[in-house]
Asks: 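If you scroll down you'll find the structure; I have some questions about it.
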Number of protein chains: 2
Amino acid sequence: MAVPQMLPPEQQICFALYSASRAITGRYRALLAPLGITYPQYLAMLVLWETGTSTVSQLGDRLHLDSGTLSPLLKRLESLGLVVRGRSANDERVVEIALTPAGDAMRSHAPQIAEQICASTGLAMPELIDLQSQIAALAERVRALT
Amino acid sequence: MAVPQMLPPEQQICFALYSASRAITGRYRALLAPLGITYPQYLAMLVLWETGTSTVSQLGDRLHLDSGTLSPLLKRLESLGLVVRGRSANDERVVEIALTPAGDAMRSHAPQIAEQICASTGLAMPELIDLQSQIAALAERVRALT
DNA sequence: CACAATTAGGTTGTACACAATCTAAATGTG
DNA sequence: CACATTTAGATTGTGTACAACCTAATTGTG
């Protein structure tokens, strides 16, 4: 039972996603507290650790977030001294985000955080990979509808 | 690949959950707009449609939300005329939430909403049920750690 | 019964999310 | 080149989430 009629929230997949997402974010809260950043901020850092630099809209494409969310978030990362923001020389509309040395240095904490999160799911690697791809595919299908 | 080292967000299960949850909530936004309520408000209504009446903390236990989230949310449902709030006679600390006739009547929209959401996942019932239970179990294990 | 401890909700402050709107800077067309 | 259109970000307003704190009501213990 996970469908039509009227099911209690506990048996609906949307509530499972909503509630699992909040539970994991809570886990990150504890792990990221020493770094002084939040989970969405950490996601932005993950992209920057991979790309070195990124525009606001490239970040938005990766994380599926709009400027209304990213602008203030990136300002906070800037005030923490982890990134710098600057208008592109080619196109004054574009804002480039780049890592500071402090932001780059924070990268070294990532592996242990990922490891702890994986451990807290209680799943072994193969199951984790399988579940990740099923959920990512679902998200992709739902997003495709808009 | 869905784990330690430093993976891009797209390959991490936490980002899949976070992003799938937001995608589905966006879907609900469109479906619930005619009713004038949000997805978290709809979750509270689902519980009330099942139980008829509930205290704030019972609702919190079901949805894993605290009073800091529920108090303003329930006030909005009250100002929409969907529920009424009142202190319990037995224990003045307890606030009972009950459906109004309008709130009860809204129940009839639930089945089609659930059906549309299920359809938008692109999954058939068996897969949906299977995925739901895997994600719910994961959330339970993560919550058990606190 | 007195009183410390607990419990139920509410409030405050911070940080997302996202719709809607705004501004400035490109871009495209005649 | 002039000008309507598009595009990139920022801003505003509403609604979650959640930590931290507050108050009032109840409970447990001596």
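What you see is a predicted model; the values in this text were computed from it and never measured. Order of the sequence lines fixes the chain letters, A, B, ..., with proteins taken first and strands second; residue numbering starts at 1 for each chain.
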Asks: Check whether any side-chain N or O of K75(A) sits under 4.0 Å from OP1 or OP2 of dT11(D), and answer yes or no.
Replies: yes

Asks: Check whether any side-chain N or O of S57(B) sits under 4.0 Å from OP1 or OP2 of dG9(C), and answer yes or no.
Replies: yes

Asks: Would you say R22(A) reaches dT16(D)'s phosphate, i.e. side-chain N/O to OP1/OP2 under 4.0 Å?
Replies: no

Asks: Looking only at side-chain atoms of T38(A), point me to the closest of dA19(C), dC16(C), dA10(D).
Replies: dC16(C)

Asks: Go nucleotide by nucleotide along DNA chain C from the 5' end; which of G68(B) and N90(A) gets its closest nucleotide reached first?
Replies: G68(B)

Asks: Between R62(A) and E50(A), is there a side-chain N and carboxylate O pair less than 4.0 Å apart?
Replies: yes

Asks: For dG10(C) and S71(B) - does any side-chain N or O of the residue sit under 4.0 Å from the phosphate oxygens OP1/OP2?
Replies: yes

Asks: In whole Å, what is the span from the CG atom of L59(B) to the C1' atom of dG9(C)?
Replies: 13 Å

Asks: For L74(A) and dA10(D), give me the distance from atom CG to atom P, rounded to whole Å.
Replies: 8 Å

Asks: For Y39(B) and dC18(C), what is the distance between atoms OH and P respectively, to the nearest whole Å?
Replies: 14 Å

Asks: Taking the minimum atom-to-atom distance to the side chain of E92(A), which one of dA26(C), dG10(C), dA10(D) wins?
Replies: dA26(C)

Asks: Check whether any side-chain nitrogen or oxygen of Y18(A) sits under 4.0 Å from OP1 or OP2 of dA17(D), and answer yes or no.
Replies: yes

Asks: Rounding to a whole Å, what distance do you find between E96(A):CD and dG9(D):C1'?
Replies: 13 Å

Asks: What is the distance, rounded to the nearest whole Å, between atom CG of D61(A) and atom C1' of dA8(D)?
Replies: 12 Å

Asks: For R76(A) and dA10(D), what is the distance between atoms CZ and P respectively, to the nearest whole Å?
Replies: 13 Å

Asks: Which residue, D91(B) or L65(B), contacts DNA chain D at a nucleotide closer to its 5' end, judged by nearest heavy atom?
Replies: L65(B)

Asks: How is L70(B) classified with respect to the nucleic acid when contacts are heavy atoms under 4.0 Å: base, sugar-phosphate, or nothing?
Replies: nothing

Asks: Once you round it to whole Å, what is the distance between C1' of dC16(C) and CG of L32(A)?
Replies: 14 Å

Asks: So, R143(B) and E140(B), do they make that salt bridge, N to O below 4.0 Å?
Replies: yes

Asks: From dT16(D), dA25(D), dA19(D), pick the nucleotide closest to the side chain of R29(A)?
Replies: dA19(D)

Asks: For T69(A), which contact category applies under a 4.0 Å heavy-atom criterion: base, sugar-phosphate, or nothing?
Replies: base

Asks: For dT16(D), does either OP1 or OP2 sit under 4.0 Å from a side-chain N or O belonging to Q41(B)?
Replies: yes

Asks: Of the non-hydrogen atoms in W49(A) and A110(A), which two are nearest, and what is the gap between them?
Replies: CZ3-CB, 4.0 Å

Asks: Between R93(A) and A23(A), just flag the one whose closest nucleotide in DNA chain D comes earlier from the 5' side.
Replies: R93(A)

Asks: Using a 4.0 Å heavy-atom cut-off, does T55(B) contact any base of the nucleic acid, only the sugar-phosphate backbone, or nothing at all?
Replies: sugar-phosphate

